[in-house]
Every structure is written in structure tokens, then in C-alpha cells.
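Since the structure comes first, as C-alpha cells, the remarks are kept for the end.
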Amino acid sequence: MEDKDRTKSNFIRDIIDQDLQNGKNDGKVHTRFPPEPNGHLHIGHAKAILVNYSIAQDYNGKFNLRFDDTNPIKEDEEFVNAIINDIKWLGADWEDRLFYASDYFEQMYEYAVQLIKAGKAFVDSQSAEEIRANRGSVTSPGVNSPFRDRSIEENLDLFEKMRDGDFEDGSHVLRGKIDMASPNMLMRDPLMYRIRHTAHHRTGNRWCIYPMYDWAHGLEDSIEGITHSLCSLEFQAHRPLYDWYLDQLNVHHPQQIEFARLNLNYTVMSKRKLLELVEENLVNGWDDPRLPTLSGLRRRGFTPEAIQNFIHKVGVAKAHSVVDYALLEHSIREVLNKQAPRVMSVLNPLKVVITNYPEDQVEEIDAVNNPEDPEAGTRKVPFSKELYIEREDFMEDPPKKFFRLAPGREVRFRYAYFITCNEVIKDGNGEILELQCTYDPASKGGKSPDGRKVKATLHWISTAHAIDAEVRLYDRLITIPDTNNLEEGKTFMDFINPDALKVLHNCKLEAHLAKAEAGFRCQFERLGYFCADLDSTESKPIFNRTVTLRDTWARLQKNIGKN
RNA sequence: UGGGCCGUCGACAAGCGGUAAGUCACAUGGUUUUGGUCCAUGCAUUCAGGGGUUCGAAUCCUCUCGGCCCAACCA
């Protein structure tokens, strides 16, 4: 992709351009991706990562990876490692700037003390229920806590005791002293710290008070010198609070800018739904190729480049949107069309015997590796008397627009010969067992010997030379575009596509694919893009279908069915 | 309902007062030893709706309608 295509205009870039013009931040741009290590990353996170990363890159700025690990009961090191792995794979580079909110706990504590001393924070000893009740509602103001006017000395003392572990969970919290009547619920004396006697995956038992998101996040950004803190739309209401804390402390004040998160149709993205699928074993783990997780997409055969291109195409704006899954499919096809070597594989084999072909002859046929890339060269493919073709490529009683093999019809076997079907061999049940065909020796290479035309070119594979493989055909996870507004009594579970995974055995592949390493991507000609699965071995090759090729024939059939 | 934000083609999305980019999808035709790729063409007289300002409005003002977010000791 061209550089100029990479820097597509959006409102965040406009803001940054403006800032640069005004000399704000000394002309620096510094962004960050701040995941909480409490789950696995999905394609939606890829947008957040890539938006932050690409902006940093395009403005010659810096990009940090920071784990927002402020809630030990939800977080785990397992997630930290998975997230690091996924972001690396995606291609966002934080260089040496990997940070953890938990590294700033001491500093945050000191800032909190500073706020208490300024009379801007207090220890509240109401119960969680009382606090909730006294917060009021969106239409009615809250009421002040009875503890709101504690002296600075008392607050300091209590806060220190909170830290020292003198109190039970839930007995006290530290709160900002703002305005219980604010129309913005978040400004009604927001909680800054809660007591949690829980071990943290990094700080162990060093702390028993943990900072809340709003208090922590701005400080993290400030400490790291972030200039533009890009986050998703639901944090818009938090911005006044983000600003308030930083203003009270009078420290470096990054600008929070919110953009719409990515939604994709025909799948699910919420943590809750993903977790449910994994825990109920409806999929095989977080990296199941049916899932929109980054590890799932990776295993499915997506390339980082395809995801980068996809995110770029989607753009950045403030309007809620649901991107069509077809755009994701297009993005991976676009990349693989250029890169993936072609190979002839028969998924659903039907035996073809070339009756006029010498019994023990084998010819090494030249096949092009990638018509999009002359540098990819050619390879030899064995041709013999017994071959397999795709069952779908033969019809005994073909409809009008069916161009493939049929009784009495001649087609081309790609790179090999013109073949004519003469006889259909069936078993007692009428099941087609084999096709008896003849070849035209003069058409070697698949070239028309006398200007004769055929309407179809089929892929094929020699029965004696093919290897067996398991092939997993993946499709969209969900059968309907949107599972968010379902009728009463229905859940997304009712719309899981039973055909999102179809496992095929005894598929026939070119022999060299036995040695394909996990992750190896290729095109099975006329079928789609496939990659060797993580579990693939030389003795038991397994290939995953990343995406089908565009299929005008299938579309035609569907339209005929409709009319 | 108080507050905040949003509404441009089926889906994304440019546009920033001078007369609707681009991509995907869809359709048609051409090329083709993948019904793939590629190429060409078509696809918003109109920007949620009304009113206003202006020589001129998707862009400014105003009202109306519709959608999303906020009342976890989650992030």
C-alpha cells in the first residue's frame, strides 16, 4: 500500500495537525495502547492498537504498550503474555516502552495524598450500598456523604491506615471531592481507591488498596508523557474527570480523544460472549479459527498485513458503525492473491480414469506457482491414468450455465490435457464411483491443439501421488448480522452457524504439502486460501480454510434459487 | 427524563460555505489454462427532517425526529 494511502484523513489527525501547528507538546506525538490483562485481544482491539500505533508512526512519534493492571481480581499474567504475543504479531512496535500501571502505584499514592492535602479528596466510610443510594440518579442530584467533611489530618491518617491494611475490604474508600449534584454522574465524588486484600500478579501483596480507572488512567498517561490519549467513545463522559484530576495535580496533561470502536457483523466481539463460547466448548479455545480473536485469526491464516489494511479501510470516526464482514474477507484475499503460491488440491474426490492413457505412464507437468508473481516460478505435477477431480466439478445432468465436466463434454485439466467424459460408473445405489474419460494427446499443456475451445478448466490430482489430509472449512461464526437486538428469549447462542466448521477427511493434496510448516499459506486453486494448522504434521497434515475465493458460480446458483 | 456524543449510497467513510472522493458489496461487459485475478462501466440531483442566513449550504444558525453512552468499591 502506498504511503499516502496510509495516512487517510480523519478527525484525530486533524486535531494533531492543529496541535502541531500551534506548537503544542513541543511538536511531539506520543500514543499508547492500554489493555487490561483480563482477556484475549480480538479484531476490535486491533483497531485501537493500530490507530494509536499508526498515528505515532506517521507523526514520527512514539507508541507505548501499557498494561492497565489496577484490578487484581480480574487480571492474570497469562493474559499479559498472550496480549504481548498478539500485538507483536500484529506488527505494532512499542520498542522498549512496555509499562504497567502497577509500576506507578507508589506515585499514584503520593498524588492522592497531595489531593487530600489540598482538600480535594476524602475517605468515605459509607457502605457500597449507601454510596450507590446517595449518588442520586441521572435526573436527580446525589447527596453528600456524611464523611465528606472529615479534616485533612483525619483523611491522611485513615488513608495511610487503608494502605497499611488496617481495614477490611469495603470498609472505606478514597473519593475525589467534586460535586454530588453534577449532571455528569462520574463527577459525583468519584471513587479513587478501594480496599482489596487480593494478591496482584505483579505487586503480590505489597498493596491492599488499588486505584480506580479514572484516577489511574490519566496519571498513567501523564507519567509516560502521552500527548494524545486515544480511547473509545464510551469514555467521553469520563473526560471531564480525566481533566479534573490532572488539573488539580497540575501535571502534564494529555488530551483524551474518543473514537468509535470497531463492530463487525456475522460474529461476536464482546468479552462475555467470547468467554461463553470458549467455556461451553462451542469452540476449541481462544485461538479457534472461528473466533475474531487475534489468535483465532492468526490460526485461521490471516496475515498481520491483511488486518492492518482492513483497519485502515475501516477508517476512524465518531459515529457508531458496524463494518461488513465482507470487507475483512476482501482484505485477506487481496493480500493472499498476491502472495500465496497456488496448489491443486481435491477436497471432495471423484475418481477419473483416462482410458486411453498408458497404464504405467507418469508425466511431470509444469504448473505455474503464482500467476500474480512470475518470480514464484513453476513446479512439476505428476499426471497419470488415474486422477481425482472435485465431485462438484461433474454433473450428470448439468443445468444451462454449468460449464464443468458432464457426460460427453470436453474440459481442460489445468496445465495437462483436454479431457472428455465418456462414461459414468455407479454403484448399486446410483452413487457415482468413477468417470471414464479420454484425453487428447495433442492438447498437452492444456493448449488447444486446433483452436478448439473448452468452457472450463478443472484442477485435478494423480491418485497415486496425492497425500491424504484433513481439511477444516471455516465460515462465518454467526448466521445473522447482528445478535445485539434479538427477540425475547433468543440469545446469540441460537444463531451460531453450525457450518462455521466443517471437517473433511481424506482430502487429496499435492505431496510436497506434507512438509508444510504450521502457518504455511497457499491457494488451493479454484477453492480458496488455506494454511497449515498448528496441529499439522507430516504424517497427518491439517489445513484450515482461511477464506474462499470469490465465487461467481455459487452466486449465480444462489440467485437462480431465489428467482 | 439531567448530562455528553452521533446521524452523508446496502456497509464503512472523505468532505471544514463554491455546487457529493474513495473502499467493500451489488450489477453489466471485456480479458483469462483458477466461474480467481485484472480491466471497463453503472450504482446519493442528494447529505435524518423542517425553517432560516447567503449570490451560493452536507458544511453556518435554529427547531424537530432518530440512535448511542453515563447512576460497578469494572476497565
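Chain letters run A, B, ... following the sequence lines, proteins first, then strands; residues in each count from 1. Computed from a prediction, not measured in an experiment: that's the story for all the values here.
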Minimum heavy-atom separation for A:Pro34 and A:Asp68, please, with both atom names. O-CB, 3.8 Å
From the options A:Val346, A:Val352, A:Leu347, select the one residue that forms a side chain to side chain contact (heavy atoms under 4.5 Å, CB included) with A:Pro349. A:Val346
Establish, with yes or no, whether the OP1 or OP2 oxygen of B:rC74 is under 4.0 angstrom from a side-chain nitrogen or oxygen of A:Arg194. yes
First encountered from the 5' end of RNA chain B, between A:Val323 and A:Asn485: A:Val323
Using a cut-off of strictly less than 4.0 Å, decide whether A:Ser137 has a side-chain nitrogen or oxygen near OP1 or OP2 of B:rG2. no
If you compare every side-chain N and O of A:Thr552 against the phosphate oxygens of B:rG36 (OP1, OP2), does one of them come in below 4.0 Å? yes
Check the phosphate of B:rA72 against A:Arg132, side-chain N and O only, distance under 4.0 Å to OP1 or OP2. Yes or no? yes
Specify the residue among A:Leu458 and A:Asn71 whose closest nucleotide of RNA chain B lies further upstream toward the 5′ end. A:Leu458
Residue A:Val138, side-chain atoms from C-beta onward, closest of B:rA13, B:rC70, B:rC69: B:rC70
Select one nucleotide: of B:rC24, B:rU1, B:rC73, the one nearest the side-chain heavy atoms of A:Ala326. B:rC24
Within the 4.0 Å heavy-atom criterion, would you say A:Lys74 contacts the bases, only the backbone, or no part of the nucleic acid? base
Does a side-chain N or O of A:Thr457 approach OP1 or OP2 of B:rU32 to a distance below 4.0 Å, or not? no
Rounded to the nearest angstrom, tell me the gap between atom CG in A:Asn309 and atom C1' in B:rC12. 15 Å
What's A:Phe524 touching, base or sugar-phosphate or nothing? Going by heavy atoms closer than 4.0 Å. nothing
Which nucleotide sits closest to the side chain of A:Pro371: B:rA75, B:rC74, B:rU34? B:rU34
Which of B:rU34, B:rA25, B:rA14 is nearest the side chain of A:Leu549? It is B:rU34
Mind checking A:Val322 for me? I need base, sugar-phosphate or nothing, with any heavy atom below 4.0 Å counting as a touch. sugar-phosphate
What's the CE-C1' distance between A:Met185 and B:rU1, to the nearest Å? 13 Å
Between B:rG67 atom C1' and A:Glu234 atom CD, what is the distance in whole Å? 16 Å
Pair partner, B:rG66 [Watson-Crick or wobble, under 3.5 Å]: B:rC6
Minimum heavy-atom separation for A:Glu364 and A:Lys380, please, with both atom names. OE1-CB, 3.2 Å
So which nucleotide from B:rC68, B:rG35, B:rA75 ends up closest to the side chain of A:Asp551? B:rG35
Looking at B:rA75, does its base get a donor-acceptor pair with the side chain of A:His238 below 3.5 Å? yes
Smallest heavy-atom separation, A:Leu65 atom then A:Phe33 atom, equals CD1-O, 3.6 Å
Quick one: which of B:rG15, B:rC74, B:rU34 gets closest to the side chain of A:Arg526? B:rU34
Could you check whether A:Pro211 gets within reach of a base, just the sugar-phosphate, or nothing at all, counting any heavy atom under 4.0 Å? sugar-phosphate
Quick one: does A:Arg404 reach the base of B:rG35 with a side-chain donor-acceptor pair under 3.5 Å? yes
Per-pair stack call A:Tyr213 and B:rA75, 5.5 Å, 30°: no
Can you spot which of A:Ile332, A:Ile307, A:Thr546 makes a side chain to side chain contact (heavy atoms under 4.5 Å, CB included) with A:Leu297? A:Ile307
Using a 90° cut-off around 0 for syn, call B:rA25 syn or anti. anti
Any side-chain N or O of A:His330 under 4.0 Å from OP1/OP2 of B:rC24? yes
Measure from CZ on A:Phe310 to C1' on B:rA25 and round the result to the nearest Å. 14 Å
For A:Asn348, run the side chain to side chain donor-acceptor pair (under 3.5 Å) check against A:Arg391, A:Lys508, A:Glu392 and tell me which one passes. A:Glu392
Under 4.0 angstrom between A:Arg550 side-chain N/O and B:rU37 OP1 or OP2: yes
Check: A:Asn38 side chain, B:rC74 base, donor-acceptor under 3.5 Å: no
Could you check whether A:Gln126 gets within reach of a base, just the sugar-phosphate, or nothing at all, counting any heavy atom under 4.0 Å? base
Does a side-chain N or O of A:Arg555 approach OP1 or OP2 of B:rA27 to a distance below 4.0 Å, or not? yes
I want to check one thing: is the phosphate of B:rA75, taken as OP1 and OP2, less than 4.0 Å away from some side-chain N or O of A:Thr70? yes
Below 4.0 Å: OP1/OP2 of B:rU32 and any side-chain N or O of A:Arg412: no
Please check if the number of heavy atoms outside A:Arg196 that lie under 6.0 Å from its CZ is greater than 12. yes
Could you check whether A:Arg452 makes a cation-pi contact with A:Phe418, meaning its NZ or CZ is under 6.0 Å from the centre of the six-membered ring and within 45° of the ring axis? no
Candidates A:Lys271, A:Lys74, A:Glu75 - the one meeting side chain to side chain donor-acceptor pair (under 3.5 Å) with A:Asn38: A:Lys271
If pairing requires Watson-Crick or G-U wobble contacts with both distances under 3.5 Å, which nucleotide is the partner of B:rC26? B:rG42
Test for a donor-acceptor pair under 3.5 Å between the base of B:rG36 and the side chain of A:Glu372, counting only N and O atoms. yes
Length of the CZ-C1' vector between A:Arg175 and B:rA71, whole Å: 12 Å
Between C1' on B:rG3 and CE on A:Met180, what's the gap in Å once rounded to a whole number? 15 Å
Integer-rounded Å distance: B:rC70 P and A:Asp179 CG: 21 Å
Sugar-phosphate only, base, or nothing, as touched by A:Asn184 at under 4.0 Å among non-hydrogen atoms: nothing
What's A:Ala128 touching, base or sugar-phosphate or nothing? Going by heavy atoms closer than 4.0 Å. base
A:Glu36 has a side chain; which of B:rA14, B:rA75, B:rG2 sits nearest to it? B:rA75
Using a cut-off of 4.0 Å on non-hydrogen atoms, how would the nucleic acid contact of A:Lys338 be classed: base, sugar-phosphate, or nothing? nothing
So if I take every side-chain heavy atom of A:Leu186 and compare against B:rU34, B:rG35, B:rC70, which nucleotide ends up nearest? B:rC70
Look at the side chain of A:Gln236 and decide which nucleotide, out of B:rC69, B:rC5, B:rA13, has an atom nearest to it. B:rC5
Which listed nucleotide (B:rA13, B:rC12, B:rU34) is nearest to the side chain of A:Arg414? B:rU34
Under a 3.5 Å limit on both distances, the Watson-Crick or wobble mate of B:rC60 is B:rG52
Looking at every strand, decide which applies to A:Ser448 at a 4.0 Å heavy-atom threshold: base, sugar-phosphate, or nothing. nothing
Base, sugar-phosphate, or nothing for A:Glu258, non-hydrogen atoms under 4.0 angstrom? nothing
When every non-hydrogen atom of A:Tyr245 is compared with those of A:Met192, the smallest separation belongs to OH-CG, 3.3 Å
Round to the nearest Å and state the distance from A:Tyr210 atom OH to B:rA75 atom C1'. 16 Å
